[in-house]
Amino acid sequence: MNNDPTKFLPLTTAEFQILLSLAGGELHGYAIMQDIAAATQGKVNLGPGTLYRSIKRLLSNGLIKECGERPDSALDDERRRYYQLTGLGRKTAVTEALRLNELVSQAYSRLGLPHTAAGSAK
Amino acid sequence: MTKFTSSSSFAVKLYQCLLRVYPSAFRQSYGMLMRQHFIDCYQLARQESSFTAMYRFWVRILAATFKTAFLERIDDMRTTRWWFWPLIVFLGLGIGYIDYTAVEVQATLLVLLPIAFCLGLAAPHQTWRCALILGLAIPVAHIIGHMLNIRPPYHDYVIASLLALIPSFLAAYTGTGLRWLVGKGLRNLVGS
């Protein structure tokens, strides 16, 4: 398996958001969707097709792995498949975050936008 | 277990039909998970109790489903026998050309029947699709022949050439049936 995180870049929005969600610990599919919706204030809402296609790609690239099935007591009795980030997945997420940060810095400097402490345009 | 209303059950059944647009390998791996995810999202949307919320929900589901299913099918074609369907179309048009230019219909049948039979034998899960493509390619070849102004040696009836669907289906399903019989026979032999 390829261990160079740059080979998987650029990630799609869905894939990157899934990696960020799993950075906090293992989650099942619906919890990933809820976490992403909360983190993006509802701007990114992953339906079943987008979510599981992205999960399939992340699994095949070795960026995440399955870690068993069990019910989520907060939801219902249905057994849910949980996923967690692999070491390569974490490295890839970090590399992508750095790439996007550099891209944003370039955009700010070329467009003449002033940087605030939080990095957002005024 | 989550309680369903009749509208929820209908929505879930509709979504399960929709899942058929995905390749079968993807459906086998993720179909149940996607169904479960859909149920969760549907119940969340129903909590808003408004037509707009449900309308937005279904628009998102339909758009995402068709888009991701299309992308999955492209990926699937890259990893599987992508050449299969273009080959069937090519064979069908070839048979259509023979039908268009040959004097006797037996010439068409001499080519169509063994090809349809072999396809039914080799690809039993795709029998009806193969038979349909082969059968429909013949009138299509007639139309192309007309457009390119290729004169046939006898009177040409595009509509009548649709009758080729009958021997195409019969031969293809004979091949599939034979495969099934041989498979059953072998299983009985091994079993005994």
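Naming: A, B, ... by sequence-line order, numbering from 1 per chain. The figures here come from the full heavy-atom set of this structure, side chains too, leaving out hydrogens, waters and symmetry mates.
Between Tyr15(B) and Phe38(B), the ring planes are parallel. Angles under 30° get that label, and only those over 60° would be called perpendicular. Taking the six-membered ring where tryptophan is involved, the planes of Phe26(B) and Tyr30(B) are tilted, since the angle between them lies from 30° to 60°.
In terms of heavy-atom pairs under 4.5 angstrom with chain A, the leader among Thr65(B), Leu71(B), Ile61(B) is Leu71(B).
Residue contact with chain A, scored on non-hydrogen atoms closer than 4.5 Å, involves the side chain of Leu44(B) exclusively. Interface remark: Leu46(A) contributes backbone atoms only to the contact with chain B (heavy atom separation under 4.5 Å). Proximity to chain A (any heavy atom under 4.5 Å) is shown, for Phe66(B), by neither the backbone nor the side chain. Leu33(B) touches chain A through backbone and side chain together, each having a heavy atom under 4.5 Å away.
A donor-acceptor contact shorter than 3.5 Å is absent between the side chain of Arg80(A) and the backbone of His28(A).
Here the closest heavy-atom approach between residue Leu85(A) and residue Ala23(A) is recorded as CD2-CA, 3.8 Å. Contact record, Arg99(A) with Pro10(A): NH2-CB, 3.4 Å, taken as the closest heavy-atom pair.
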